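Protein chains get the first letters and strands the later ones, always in sequence-line order, with residue 1 at the start of each. Computed from a prediction, not measured in an experiment: that's the story for all the values here.
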Number of protein chains: 2
Amino acid sequence: MVRVGLTTERLVRAGAELADEVGFDEVTVSALARRFDVKVASLYSHVRNSQDLRTRIALLALEELADRASEALAGRAGKDALTALANVYRDYAHEHPGRYAAAQLRLDPETAAASAGVRHARMTRAILRGYDLAEPDRTHAVRLLGSVFHGYVSLELGGGFSHSAPDTDETWTRVLDALDALLRTWPAV
Amino acid sequence: MVRVGLTTERLVRAGAELADEVGFDEVTVSALARRFDVKVASLYSHVRNSQDLRTRIALLALEELADRASEALAGRAGKDALTALANVYRDYAHEHPGRYAAAQLRLDPETAAASAGVRHARMTRAILRGYDLAEPDRTHAVRLLGSVFHGYVSLELGGGFSHSAPDTDETWTRVLDALDALLRTWPAV
DNA sequence: TAATTTGCCTAAATCTTTTAGGCAAATGCA
DNA sequence: TGCATTTGCCTAAAAGATTTAGGCAAATTA
């Protein structure tokens, strides 16, 4: 009996790759077992169940995204920082569509609170230090940025913008210009 | 043998209700059969397979959304129209989370082209007639609006904005204010 | 009323998820 | 080095989901 060397870590990593290849919805315990050429039941020593596997992939994606983001933000401020963060999300989604979909998985509150999700929130807030916004407008702006980043990327990935000129890169640039302008002149109540 | 009176129409409608109750991901041919107290195989006369069922639910949701939107837009222009359309999406998502999730299903190009999705695109474009935007900025703006609407609603629904003041209704209002201001003063290249 | 169509059935194959229990390889300790 | 323990992967098996094939009875039409 040859041991393949399964660990939770390796399974989750392979699951993330599988997600990028065939889509997050197609990530199943069986498919993962096939990939390791191992019986399905063997995975259940490392992963509680199917849902657990998916959650772990989501957490991995959130970590990776947060790592990229914090690196991209180092030394940048203002529009420079805004663009950098936005591109981290978009690039990651293009490179790793399955992982990106995983990152959207609804987590239960405790799990979410312990996840890298909180780092994301902090980083978006940090960007706004370059603009002159007091609470509660700062929070409104955080939510707007999150919505645009997530919304744009997921529509683009879902093909919502396809089959029409101008190309999406150009729109993306102009959208970031517009957001920057908006944040600089945020309308008073 | 008592006939329940299954039709594709009824199945899809019931599937949509099921989605709202238990989530779109949990919509399965088996669950639907249980709901009609009928054997699973009986559904396969009306629906090609599981994927077909899900696609049909998505198309239904897109139709319903487009109908609501076109009704809401009648007689409105400018910010009034912007707010009305935005609220149609948000309200629908809150009332019918499962259907809304279904509307996000990735459709193959031909299906998408034949769906109510094109009405949505037209309506968003129509709103921008109230603002002074020439192409390609109008397209950029259409995409921005789509991103914000979809992004905001899906983050809100996914709990991304929970556990923090100010409440999401207030943010929503302010985000729409901000978008209106942005469209009125869209930055030149 | 007879012929046809339609609606739901049983049966059966295949696949996924999950639990329980077991043997052998790797590891820790004397 | 030898033995005990832990760990990794196994077989077996149950339960649910998906899908196809073929059949009978009810509803519809002629």
Side-chain angles (χ1 to χ4, degrees), chain A residues 1-60 98-99 101-102 104-108 111, chain B residues 1-60 98-99 101-102 104-108 111:
Chain A
M1 183 193 303
V2 188
R3 298 197 180 192
V4 188
L6 300 184
T7 63
T8 304
E9 165 90 18
R10 284 192 64 198
L11 287 182
V12 173
R13 206 158 288 284
E17 283 163 26
L18 187 59
D20 287 334
E21 289 165 26
V22 301
F24 186 56
D25 287 345
E26 309 303 317
V27 172
T28 140
V29 179
S30 305
L32 205 51
R34 273 193 295 276
R35 168 157 300 215
F36 281 97
D37 199 25
V38 140
K39 296 297 168 181
V40 184
S42 306
L43 303 200
Y44 281 84
S45 322
H46 306 279
V47 154
R48 262 203 308 286
N49 53 37
S50 190
Q51 185 52 43
D52 180 46
L53 170 64
R54 300 163 70 78
T55 302
R56 286 175 190 273
I57 296 174
L59 294 176
L60 171 68
R99 284 160 150 97
Q104 254 50 68
L105 186 68
R106 211 191 184 320
L107 302 173
D108 59 294
T111 311
Chain B
M1 186 192 304
V2 187
R3 297 198 179 191
V4 189
L6 300 184
T7 63
T8 304
E9 165 90 18
R10 285 192 64 198
L11 287 182
V12 173
R13 207 159 287 283
E17 283 164 25
L18 188 59
D20 287 333
E21 289 166 25
V22 302
F24 186 56
D25 287 344
E26 308 303 319
V27 173
T28 141
V29 180
S30 304
L32 205 51
R34 273 194 295 275
R35 168 157 301 215
F36 281 96
D37 200 24
V38 139
K39 296 297 169 184
V40 185
S42 306
L43 303 200
Y44 281 84
S45 321
H46 305 280
V47 154
R48 261 203 309 287
N49 54 36
S50 190
Q51 184 53 42
D52 179 46
L53 170 64
R54 301 162 71 76
T55 302
R56 286 175 190 274
I57 295 173
L59 294 175
L60 171 68
R99 284 161 151 96
Q104 255 51 68
L105 187 67
R106 210 190 185 324
L107 302 173
D108 59 294
T111 312

J.: What is the distance, to the nearest angstrom, from the CG atom on B:Asp37 to the P atom on C:dG7?
T.: 18 Å
J.: Below 4.5 Å, heavy atoms only, C-beta onward: do B:Ile57 and B:Leu105 meet side chain to side chain?
T.: no
J.: From CZ of A:Phe36 over to P of D:dC10, roughly how many Å is that when rounded to an integer?
T.: 12 Å
J.: Over all strands shown, is A:Val4 touching base, sugar-phosphate only, or nothing at heavy-atom distances under 4.0 angstrom?
T.: sugar-phosphate
J.: Look at the side chain of A:Ser30 and decide which nucleotide, out of D:dA17, C:dA11, C:dT16, has an atom nearest to it.
T.: C:dT16
J.: May I ask you to test the A:Leu18-A:Leu32 pair for a side-chain heavy-atom distance under 4.5 Å?
T.: yes
J.: Side chain of B:Val38: nearest nucleotide among C:dT16, C:dC8, D:dT20?
T.: C:dC8
J.: Please report the distance, rounded to the nearest Å, between CG in A:Leu43 and C1' in C:dT19.
T.: 14 Å
J.: For the residue pair A:Arg56 and A:His46, establish whether any side-chain heavy-atom pair is separated by less than 4.5 Å.
T.: no
J.: For DNA chain C, find the residues of residues 44-51 of chain A with a heavy-atom distance under 4.0 Å and give them by number; none if there aren't any.
T.: A:Tyr44, A:Asn49, A:Ser50
J.: Would you say the side chain of A:Leu6 lies within less than 4.5 Å of the side chain of A:Val38, judging by non-hydrogen atoms?
T.: yes
J.: Measure from the side-chain heavy atoms of B:Lys39 and tell me the nearest of D:dT11, C:dC9, D:dA17.
T.: C:dC9
J.: Do B:Leu107 and B:Leu59 have side chains that approach each other closer than 4.5 Å (heavy atoms only, starting at C-beta)?
T.: yes
J.: Answer yes or no: is there a side-chain heavy-atom contact under 4.5 Å between A:Asp108 and A:Thr55?
T.: no
J.: Please report, rounded to the nearest Å, how far the P atom of C:dC8 is from the CZ atom of B:Arg10.
T.: 9 Å
J.: What I'd like to find out is whether the side chain of B:Val27 reaches to under 4.5 Å of the side chain of B:Leu53, using heavy atoms alone.
T.: yes
J.: Can you tell me if A:Thr28 touches the phosphate of C:dC15, counting only side-chain N or O atoms and a distance under 4.0 Å to OP1 or OP2?
T.: no
J.: Any side-chain N or O of A:Ser42 less than 4.0 Å from the OP1 or OP2 oxygen of D:dC10?
T.: yes
J.: Could you report the tightest heavy-atom contact between B:Phe24 and B:Arg54, atom names first, then the distance?
T.: O-NH1, 3.4 Å
J.: If I take atom CG in residue A:Leu6 and atom C1' in nucleotide D:dC10, what distance separates them, rounded to the nearest angstrom?
T.: 12 Å
J.: Which nucleotide in the list C:dT17, D:dA12, D:dT20 gets nearest to the side chain of A:Ala41?
T.: D:dA12
J.: Show the distances under 3.5 angstrom between N or O atoms of the protein and N or O atoms of nucleotides 3-6 of chain C.
T.:
residue, atom, partner, partner atom, Å
C:dT6, O2, B:Arg3, NH1, 3.4
C:dT6, O2, B:Arg3, NH2, 3.1

J.: Can we say B:Glu9 and B:Arg13 salt-bridge, meaning some charged N sits less than 4.0 Å from an Asp/Glu carboxylate O?
T.: yes
